[in-house]
S.K.: 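Here you go, one structure.
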Amino acid sequence: MSTTLAPSRAAEAGTGDAGGRSRRCSPMAAHPALWLFPAPAVLLYTVFFVVPTIQGVLYSVTDWDGFSPTAQFVGLDNFVTIFTGDDLFRNALGNNIKFMLVVVVFQTLLSLALAVFLVRNTKASVALRSIYFLPTILSSVSVAFIWKFVYDPNFGLINTVLGALGLERFQGAFLGNDNQAIYWVAITQVWFHVGQMMIIYIAGLQSIPTELYESARIDGASRWQQFRNVTLPMVAPATAIVMAYTTVQSFKAFDLILGLGGNPPKGSLDILSTRIYAGFANSQFGYAAAESIVFMALIAVITWVQRRAVKATNPDV
């Protein structure tokens, strides 16, 4: 009798355990009131992101001017014009890609270098971290005015220092040079956010187990080999975050561009965000909405490509 009942009891016990595990794994089902906690965030996200995005898509296929009660449906005409007949948009896209490449490459490399040198929690390292992070807490407009003084061709800091050193041949207009202006703004952007990216890298470096470096030293690895074979692979997740965040920053440098280049900025400083702003300012809401859709899709594609590239070098990311 006991032999017959034992499997049944074991099965009941197993079923009870499985049911308990199921209940433990789905607290939202056990307590429906928990859905109220994310409700405010979901509501705000829907009202301020989902709904405007849907409205932008709807406006992008019209010629709405932002004021008329009705709008004429134009289909994909706005998108066709963007890709085939809008020289201003193509110029802004080219400037933005140049800007992004400089910022992503130099900001990533410089922030990693600073993090490597300041990873130890000594008093000097903490003080230097604070100094490098300080520009990040400033507003973009403040940074723009600081660097506008630095780049000023008449009494700017760079030209003054070059003159004092007898290097007048290197003095220039900087922002007034159409071939170089976007790169000088990119340098400003790197200075502005390199401290913020440094903190991300420091967090990644401090999470690397010290045993890995000890094993590498025992195997006779040099400092460069330790950096290449231990540090770089282990900070790949941080690199993915830095590159994605820096890319988005590069495409959203609206206020920095206006602060340094004026409103509207000249053609050599025009980027996609300022081009879209000009469309809205000129009451071309439908066309500007189409530009915004292209803008958002471009950022998504570039971020996806970066993610794939990082994942190809480190499958664990």
Side-chain angles (χ1 to χ4, degrees), residues 56-57 59-66 74-107 140-141 143-145 147-148 150-153 172-193 243-244 246-306:
V57 173
Y59 291 145
S60 69
V61 293
T62 70
D63 63 352
W64 189 45
D65 61 5
V74 297
L76 298 177
D77 288 354
N78 288 334
F79 294 96
V80 172
T81 302
I82 289 172
F83 290 112
T84 62
D86 192 339
D87 293 334
L88 293 176
F89 185 87
R90 285 198 293 270
N91 173 69
L93 176 60
N95 289 338
N96 222 148
I97 291 176
K98 295 175 189 175
F99 184 80
M100 180 202 70
L101 291 174
V102 173
V103 172
V104 169
V105 171
F106 286 96
Q107 187 164 288
S140 298
V141 176
V143 172
F145 278 103
W147 281 85
K148 203 168 187 178
V150 173
Y151 291 142
D152 190 279
F174 303 109
L175 297 178
N177 188 325
D178 290 342
N179 295 324
Q180 301 176 3
I182 196 67
Y183 301 111
W184 292 113
V185 179
I187 290 174
T188 303
Q189 177 79 356
V190 171
W191 177 86
F192 189 12
H193 288 288
M243 292 180 65
T246 302
T247 299
V248 175
Q249 281 180 334
S250 301
F251 280 95
K252 292 172 59 180
F254 171 80
D255 38 8
L256 188 63
I257 291 289
L258 290 191
L260 285 169
N263 184 20
K266 59 181 182 176
S268 61
L269 289 176
D270 199 16
I271 61 174
L272 291 180
S273 57
T274 56
R275 178 86 333 247
I276 294 169
Y277 170 76
F280 285 117
N282 293 328
S283 299
Q284 297 174 326
F285 275 63
Y287 190 75
E291 290 178 319
S292 301
I293 299 300
V294 175
F295 178 62
M296 182 174 64
L298 180 63
I299 294 177
V301 169
I302 292 176
T303 304
W304 179 81
V305 171
Q306 289 177 337

S.K.: Between Ser60 (side chain) and Val57 (backbone), is there a donor-acceptor pair under 3.5 Å?
M.R.: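 Such a contact is found between Ser60 side chain and Val57 backbone.
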S.K.: Measure across Thr246 and Gln107 and return the closest heavy-atom pair with its distance rounded to 0.1 Å.
M.R.: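 Of all heavy-atom pairs spanning Thr246 and Gln107, the closest is OG1-NE2, 3.1 Å.
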S.K.: Distance from Tyr183 atom OH to Lys98 atom NZ, nearest 0.5 Å?
M.R.: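 The NZ atom of Lys98 is 4.5 Å from OH of Tyr183, to the nearest 0.5 Å.
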S.K.: Evaluate the side-chain proximity of Val185 to Leu175: yes if any heavy-atom separation is below 4.5 Å, no if none is.
M.R.: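 Yes, their side chains come closer than 4.5 Å.
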S.K.: Sequence neighbours left out, what passes side-chain contact (heavy atoms from CB on, under 4.5 Å) with Ala244? Give chain and number order.
M.R.: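 For Ala244, the residues satisfying side-chain contact (heavy atoms from CB on, under 4.5 Å) (neighbours in sequence not counted) are Thr303.
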S.K.: Kindly give the heavy-atom pair with the smallest separation between Pro153 and Ala173, and that separation in Å.
M.R.: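 Where Pro153 meets Ala173 most closely, the heavy atoms are CB-CA, 3.9 Å.
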S.K.: Before giving the answer on side-chain contact (heavy atoms from CB on, under 4.5 Å), spell out for Val143 and Trp191 the whole-Å C-alpha distance, their side-chain angles and the decisive distance to 0.1 Å.
M.R.: CA-CA 9 Å; Val143 172; Trp191 177 86; 3.9 Å; yes
S.K.: Would you please name every residue forming a side-chain hydrogen bond (donor to acceptor under 3.5 Å, both in side chains) with Trp184, sequence neighbours left out?
M.R.: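 Residues passing side-chain hydrogen bond (donor to acceptor under 3.5 Å, both in side chains) with Trp184: Gln180.
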S.K.: Could you measure the distance from the CG atom of Leu298 to the CD1 atom of Ile293? Nearest 0.5 Å is fine.
M.R.: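 Leu298 atom CG to Ile293 atom CD1 measures 13.0 Å (nearest 0.5 Å).
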S.K.: Is it true that atom NZ of Lys148 has more than 12 heavy atoms of other residues, nucleotides or ligands lying nearer than 6.0 Å?
M.R.: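 Yes.
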S.K.: Could you work out, with side-chain contact (heavy atoms from CB on, under 4.5 Å) as the rule, every residue matching Asn91, not counting sequence neighbours?
M.R.: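 side-chain contact (heavy atoms from CB on, under 4.5 Å) check on Asn91 returns Asn95, Asp270.
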S.K.: If I take atom CH2 from residue Trp64 and atom CZ from residue Phe285, how far apart are they, to the nearest 0.5 angstrom?
M.R.: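 One gets 6.0 Å once the value is rounded to the nearest 0.5 Å.
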S.K.: Any idea which heavy atoms bring Leu269 and Gly261 closest together, and the distance?
M.R.: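 Distance-wise, the nearest heavy atoms are CD1-CA, 3.7 Å.
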S.K.: Which residue, Asn282, Asp86, Asp77, forms the side-chain hydrogen bond (donor to acceptor under 3.5 Å, both in side chains) with Tyr287?
M.R.: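 By the side-chain hydrogen bond (donor to acceptor under 3.5 Å, both in side chains) criterion, Tyr287 pairs with just one of Asn282, Asp86, Asp77: Asp86.
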S.K.: Taking Asn78 for its side chain and Ala290 for its backbone only, find out whether a donor-acceptor pair lies under 3.5 Å.
M.R.: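 Not confirmed, Asn78 side chain does not pair with Ala290 backbone.
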S.K.: Give the intermediate values and the outcome of side-chain contact (heavy atoms from CB on, under 4.5 Å) for residues Phe79 and Val294.
M.R.: CA-CA 8 Å; Phe79 294 96; Val294 175; 3.9 Å; yes
S.K.: Hey, could you give me the OH/CG distance between Tyr151 and Leu260, rounded to the nearest 0.5 Å?
M.R.: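 Interatomic distance, Tyr151 OH to Leu260 CG, rounded to 0.5 Å: 7.5 Å.
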S.K.: Working note: Asp152 + Phe174, criterion side-chain contact (heavy atoms from CB on, under 4.5 Å); need CA distance, chi angles, decisive distance, verdict.
M.R.: CA-CA 8 Å; Asp152 190 279; Phe174 303 109; over 6 Å; no
S.K.: Working to the nearest 0.5 angstrom, can you tell me the gap between Leu256 CG and His193 NE2?
M.R.: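 Nearest 0.5 Å value for the CG-NE2 distance: 8.0 Å.
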S.K.: Looking at every heavy atom in both Ala289 and Gly56, which two are closest together, and how far apart are they?
M.R.: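 Heavy-atom minimum between the residues: CB-O, 3.6 Å.
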S.K.: So, using side-chain hydrogen bond (donor to acceptor under 3.5 Å, both in side chains) as the criterion, who are the partners of Asp178 when residues are at least two apart?
M.R.: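 In terms of side-chain hydrogen bond (donor to acceptor under 3.5 Å, both in side chains), with neighbours along the sequence ignored, Asp178 is linked to Lys266, Ser268.
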S.K.: Where do Ile276 and Phe280 land on the side-chain contact (heavy atoms from CB on, under 4.5 Å) test, with the steps shown first?
M.R.: CA-CA 7 Å; Ile276 294 169; Phe280 285 117; 3.5 Å; yes
S.K.: Can you see which heavy atom on Gln189 is nearest to which on Phe99, and at what distance?
M.R.: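 Here Gln189 and Phe99 meet closest at CB-CZ, 3.7 Å.
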S.K.: Rounded to the nearest 0.5 Å, what's the gap from OG on Ser250 to CG on Leu272? Could you check?
M.R.: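 Ser250 OG to Leu272 CG: 11.5 Å, rounded to 0.5 Å.
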S.K.: Please list, chain by chain and in numerical order, all residues satisfying side-chain hydrogen bond (donor to acceptor under 3.5 Å, both in side chains) with Asn179, sequence neighbours excluded.
M.R.: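 Testing Asn179 for side-chain hydrogen bond (donor to acceptor under 3.5 Å, both in side chains), a comparison that skips the adjacent residues, returns none.
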S.K.: Sequence neighbours excluded, which residues qualify as side-chain hydrogen bond (donor to acceptor under 3.5 Å, both in side chains) partners of Gln306?
M.R.: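 Only Thr247 meet the side-chain hydrogen bond (donor to acceptor under 3.5 Å, both in side chains) criterion with Gln306.
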